[in-house]
Amino acid sequence: VLLHETPLVDPPIRDGLADAAPPKRPAGTWRGFWAALHRRRQRPASIERVLVLRLGSILVAAFLSFGVFYGLFIAGDAREQAAEEAADLAEALESSIVVQAGGLHFDLPADLAARIVARHALYGGVETAGGAAVGGSDPAVLARLRRGTAAQVQAAELTRGPGGLTLFAAAEGIAGVRALRVGVLQPVSNAGLAWTGVMREYREEILPTFAPALVLAFAVVWVTVRRSLQPLRRASAEAAAVSAERPGRRVSMDGVGAEIVPLIEAVNHAVARLEAALAVQTRFTANAAHEMRTPLAIIRARIDNLQDGPEKLAFQRDMDRVTRLVSQMLASARLQSGQVGRFERVDLVALARSTLADLAPLADAGGKELVLESGAPASVHGNAMSLESALRNLVENALRFTPAGEAVTVRVGPGPRIEVADRGPGIPADHLAHIFEPFWRAQDQRGDGAGLGLAIARDVALLHGGRLEVRNGVVGGAVFALDFPRQGAF
Amino acid sequence: MRILAVEDEPELARLLLVNLSRMGFATDHAACVEDAHALLDTCSYDLVLLDVRLPDGSGVDLLRQMRARRQEVPVILLPAADSVDDRVAGLGAGADDYVTKPFALEELVARMRAVLRRPGRALSLTLTAGNICFNSVTREVCVGDRHVALARRELAALESLMRADGRVVTREALEEAIYGLEEDRQSNVLESTLSRLRRRLEAEGAKVGIRVMRGVGYRITAEPTRAAA
């Protein structure tokens, strides 16, 4: 049934929080990207996260650049290292030579063959006496070996040729009884040499010593940031716990940094000023109530003392009206200054039951019926007396507009919600903007209402983090709903 | 019935005294906490009407002191402020009821009667509605001049309804009355108990009706329930 009802009001009683219309998606991908980035920035970032990420990035960058500079610095040594490696290779080759059918031959084990291939190296060997080539030798290497003496080929040498830079290294050895020389020729590049040097430094020197230090430094950064922010986090929690219900609470300055102290002082001063203003307001409404109600009580007693008659009845009716008006104005003033009293868990079904039971005589007097419909139990965290006065005002309003012989229906739930449906004429669209204004009444509406009931109900709803909604029902009449959507957890 | 009215506003006190004595209550007056203590220590009262703001202290504090001294006389507070916390504090301090100023005399007297009629207050009390009498001590029910025997649950429901004197008794209150604390509650027992009670009273010729307020509770009325209802 609810689906067919016309929602009339997007109520003028916005609660002022997050009015979250989804942002339009820009046409271009880049614009979309920037928009997304911008949205991300709108959400406040965690200081801890930002600090840890930034300091961590600085650490990693320092570590990397140290390695690079160190690597470049020792790149000069890279040549020597490369030569050493080439010499190692030459020796390994030399020891792989076997005597076969009177001649010498290379017989490379698999790992050595792989090293040769990986370096694009060429190799060869000659007998020192006679200059016979070892089987499997490369001609270019043989030419180099035959060209120089043993001493000349002992040291590695770099040569710039048409094919680029090449490195030549040689080793001497003995296979069987024959002395021989083995040479290795491999292409290299300066950049390659530097890179090899850097990688080698990382692998053998930097990583093993500095990586644990890096991890440790990161952990120290994290812990330091966390601990430095701890007083701020505590101060935020204390500030959040300040409320009108618990006056006298302040944010303490224990352990917070000098930069935060002025902020906390400002917050504490603001809270103190608000508390003082609230105390004045509370005293004022309490005194106003006393000063107005005492003379009213005297007048009422005088009227009750009169002789019975039409005159007395008229006085009593006027008196009831003034009393109701004063009560509502005082209630409204209290709510406007945020005085709602103590919060506790309130069972909405029981609350509706006792409120309707109290209002039964009023309904009877007008020949109207009050009906309560309730399903699952529903409760809110709130002040029972304020909530009861909100519901009472809504039901009184509904009874005023419902013709004799008809019923006002109060529905509790589903969830933390109370609806009051009347059988009156409904609310014309041009009245919707005004019905919650204090003292507003429709032109054609006479009667005893002061026009404060709906304003009171709305204020109570707002002070409970909820709202008062209104729409016209599908079968006629108006439906007012006290809704507490953010209390879903209860 | 002897009543003590503690009220500092002289004109209101005078009118209260005049009206209450006209309705048959013998009423004494105290204008401050000190006078009230003096009177409470020397006389015995059936009921105290207590203003909250008094020149030499708070009525709620006076009430607390009374309860601490084991003066168990029923007290109705007459607060002029309708601050909800005042009411809660008053009831917490041991008040039996409160009537906010300004009040109609009838309202005040009705509340006074209700407080005086509470269980445990009076030794014996006969409740009446229409032609039904209910003796709260012997728990005997008579319709007209005939005794009627009712089952325990029906008796409990009838007593609650008659004590409420025509006001609506909520379902919670009735369930509390008919089950007591120890029993498991079942749905529909309330409905069937009340419909049995209603049929029974009708059959005995009772000139009262038990009306249901849908979803809220029940009340007893002076005219018989219509057969169709």
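So that the names make sense, note that chain A is the first sequence line, chain B the second, and so on, each numbered from 1.
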(message) Taking the side chain as everything from C-beta on, heavy atoms only, tell me whether B:L194 gets closer than 4.5 Å to B:L174.
(response) yes
(message) Quick one, A:F484 and A:L387 - any side-chain contact, counting heavy atoms below 4.5 Å?
(response) yes
(request) Compare every heavy atom of B:L161 with every heavy atom of B:I220, then report the nearest pair and how far apart it is. (result) CG2-O, 3.7 Å
(request) Tell me, for B:R22 versus chain A, whether the close heavy atoms (under 4.5 Å) come from the side chain, the backbone, both or neither. (result) side chain
Heavy-atom pair count under 4.5 Å with chain B, highest-scoring of [options]:
options: A:T294, A:I299, A:L296; result: A:L296
options: A:V412, A:N305, A:L356; result: A:N305
options: A:V410, A:T409, A:N287; result: A:N287
options: A:R302, A:M319, A:M292, A:E291; result: A:R302

As an exercise: rank [options] by heavy-atom pairs under 4.5 Å with chain A and give me the winner.
options: B:V18, B:T170, B:L16; answer: B:T170
options: B:R53, B:R14, B:E11; answer: B:R53
options: B:L78, B:N19, B:L108, B:L105; answer: B:N19

(message) As a quick check of understanding, evaluate salt bridge (Lys or Arg N to Asp or Glu O under 4.0 Å) for B:E9 and B:K101, giving each step before the final call.
(response) CA-CA 12 Å; B:E9 175 63 41; B:K101 288 179 195 166; over 6 Å; no
(message) So for atom CD, which belongs to B:E34, do other residues, nucleotides or ligands contribute more than 12 heavy atoms lying within a distance under 6.0 Å?
(response) no
(message) Is it the case that the side chain of B:D56 and the backbone of B:V33 share a donor-acceptor pair, with hydrogens and angles ignored and the cut-off at 3.5 Å?
(response) yes
(request) Would you give the length of the straight line joining atom CD1 of B:I210 to atom CZ of B:R219, rounded to the nearest 0.5 angstrom? (result) 12.5 Å
(request) Please flag which part of A:D320 lies under 4.5 Å from any non-hydrogen atom of chain B: side chain, backbone, both or neither. (result) neither
